[in-house]
Amino acid sequence: MSVRLAEVIEVLDEAYPPRLAEAWDSVGLVCGDPTEVLDSVTVAIDATPEVVDQVPDGGLLLAHHPLLLRGVDTVAANTAKGALVHSLIRTGRALFTAHTNADSASPGVSDALAAALGLTVEAVLDPAPSSAEYDKWVIYVPPENADAVRAAIFDAGAGHIGDYSHCSWSVSGTGQFLPQEGASPAIGSVGSVERVTEDRVEVVAPARARARVLAAMRAAHPYEEPAFDIFALVAPPADTGLGRIGSLPEPEPLHAFVSRVGAALPETSWGVRAAGDPELSVSRVAVCGGAGDSLLSAVAAVDVQAYVTSDLRHHPADEHGRASPVALIDVAHWASEFPWCEQAAGLLRSRFGDALPVRVCSIRTDPWNLACHSRKTDSGDQR
């Protein structure tokens, strides 16, 4: 069985929908022919020369960080990134990026980080914005005309719920109206209060079909002025978005949890640093793979004792510490996202099995490669 690049892209787009990517991001296929057969997939955080060298000819590099994120007006081979693109194309290798769409997907980067730390995910820290994509229509119609109205609005696109169509709900009641001068009532007469039996018919419909449903309802309804309501439905809580909130199997002091983080993630020069009371009891934790100080306000508003992320800056961390008791654990950016590589590899292995070899690149692409942890004595001597 051969696997084409297009088939892999379909799986990746389903798992990490491009619509979840931030507006400034660049995700998807960077180079490669979707119609060509793939020999392998290599998963990494960054597309560096060393990583690209490990991708077999005819293979795909699935990278988390975009190679071409900012505005690009050249991929000349005498530029660093252009040389990589040329190298990939000449050897039939492809490059695909899943970045902030993988951050927000469920499961995504922060789910992988939470799993690595032994957390059970309970909620999204910063849920993706939800929009009302559906309306609920409530239409009042005489019982003898209800089926005709239903049929008309079903044909206009209403009444679909999942894999079901022609969905509606109704109950009978009494409607009242007083036709005024100039009215031409289908039931009753001008100047007399009329009370009639009516069905309250409820259906859902896509918001984009609002005009079609309205026209169909008016055409099928016997009244000159039908009574109806349109409610924009609020989407249910999303399981997508940035960061996750999870719980530990048992509470443990902060110093033990910091050790847990250090043992769970790959070693880097950055290491693991924390701010908080070492004896603080930690049971619920917020995590965000990648740079996460933009979520400090969200962290302060939820019931957690610690927050694990990367790239925390001095001033935001200081301000957080003054206002919130939530401890901060700061790790290397690359290390916080590396668990996702195995998640993505597992996704492709489960879909394609032996037909497509998938491996995680073990090269550490964290840009920091030296560290000095020294102390000075009172006399100023350094040791």
Side-chain angles (χ1 to χ4, degrees), residues 1-21 27-48 50-67 84 88 91-121 239-240 244 246 263-267 287 289-290 333-366:
M1 172 186 171
S2 60
V3 178
R4 298 189 181 278
L5 175 56
E7 298 175 76
V8 174
I9 292 174
E10 182 179 358
V11 173
L12 293 173
D13 282 349
E14 181 180 354
Y16 311 119
R19 62 179 172 79
L20 295 178
V27 301
L29 189 63
V30 178
C31 65
D33 184 346
T35 66
E36 291 186 348
V37 173
L38 282 180
D39 295 328
S40 67
V41 177
T42 301
V43 188
I45 296 299
D46 299 285
T48 66
E50 295 77 15
V51 170
V52 169
D53 285 345
Q54 287 204 354
V55 179
D57 291 358
L60 166 67
L61 173 57
L62 168 57
H64 180 51
H65 291 151
L67 177 66
L84 278 183
L88 289 164
T91 53
R93 291 174 287 183
L95 174 61
F96 187 93
T97 298
H99 190 210
T100 53
N101 50 330
D103 289 335
S104 288
S106 178
V109 171
S110 291
D111 294 283
L113 174 58
L117 302 182
L119 299 170
T120 300
V121 172
D239 61 355
T240 59
R244 296 294 184 267
L265 299 181
E267 185 177 354
V287 302
H333 190 119
W334 172 82
S336 73
E337 295 175 331
F338 185 72
W340 169 81
C341 294
E342 191 56 49
Q343 179 200 94
L347 167 73
L348 296 177
R349 290 178 188 131
S350 65
R351 179 63 179 268
F352 299 107
D354 295 338
L356 184 65
V358 181
R359 62 180 289 271
V360 172
C361 179
S362 61
I363 294 176
R364 186 182 71 177
T365 55
D366 180 38

Distance in Å, [X] [atom1] paired with [Y] [atom2], rounded so as to fall on 0.5 Å steps:
{"X": "L62", "Y": "C361", "atom1": "CG", "atom2": "SG", "answer": "12.0 Å"}
{"X": "L95", "Y": "C31", "atom1": "CG", "atom2": "SG", "answer": "5.0 Å"}
{"X": "E10", "Y": "R351", "atom1": "CD", "atom2": "CZ", "answer": "6.0 Å"}
{"X": "L12", "Y": "F96", "atom1": "CG", "atom2": "CZ", "answer": "5.0 Å"}
{"X": "L356", "Y": "D39", "atom1": "CG", "atom2": "CG", "answer": "9.0 Å"}
{"X": "L38", "Y": "L60", "atom1": "CG", "atom2": "CG", "answer": "5.5 Å"}

Given the rule in the side chain to side chain contact (heavy atoms under 4.5 Å, CB included) test, do V43 and L61 qualify, once you have shown the distances and angles that lead to the verdict? CA-CA 6 Å; V43 188; L61 173 57; over 6 Å; no
Determine whether W334 and L265 satisfy the following criterion, side chain to side chain contact (heavy atoms under 4.5 Å, CB included), listing intermediate values before the conclusion. CA-CA 10 Å; W334 172 82; L265 299 181; over 6 Å; no
Measure from the side-chain N and O atoms of [X] to the backbone N and O of [Y], and report whether any donor-acceptor pair falls under 3.5 Å.
{"X": "R244", "Y": "D111", "value": "no"}
{"X": "T42", "Y": "V55", "value": "no"}
{"X": "S2", "Y": "V37", "value": "no"}
{"X": "R93", "Y": "V52", "value": "yes"}
{"X": "S104", "Y": "N101", "value": "no"}
{"X": "E7", "Y": "R4", "value": "yes"}
{"X": "T48", "Y": "V51", "value": "yes"}

Kindly list each side-chain donor-acceptor pair under 3.5 angstrom involving residues 337-345, sequence neighbours excluded, with atom names and distances?
residue : atom : partner : partner atom : Å
E337    : OE1  : H65     : NE2          : 2.7
E337    : OE1  : H333    : NE2          : 3.2
E337    : OE2  : H64     : NE2          : 3.3
E337    : OE2  : H333    : NE2          : 3.2
W340    : NE1  : Y16     : OH           : 3.2
E342    : OE2  : R349    : NH1          : 2.6
Q343    : OE1  : Y16     : OH           : 3.0
Q343    : NE2  : G108    : O            : 2.8

I'd like to know whether L20 forms a side chain to side chain contact (heavy atoms under 4.5 Å, CB included) with T100, so could you lay out the CA-CA distance, the side-chain angles of the two residues, the decisive distance to 0.1 Å, and finally the verdict. CA-CA 7 Å; L20 295 178; T100 53; over 6 Å; no
Might you confirm whether atom CG of D53 has over 12 heavy atoms from other residues, nucleotides or ligands at distances under 6.0 Å? yes
Show, in sequence, the C-alpha distance, side-chain angles and deciding distance for L119 and V287, and conclude whether the side chain to side chain contact (heavy atoms under 4.5 Å, CB included) test is met. CA-CA 10 Å; L119 299 170; V287 302; 3.7 Å; yes
Using only heavy-atom distances, determine whether the side chains of D33 and T35 contain a donor-acceptor pair under 3.5 Å. yes
Tightest non-hydrogen contact, residues A105 and P17, listed as CB-CD, 4.4 Å
Where L67 and T97 come nearest, the two heavy atoms and their spacing: N-OG1, 4.5 Å
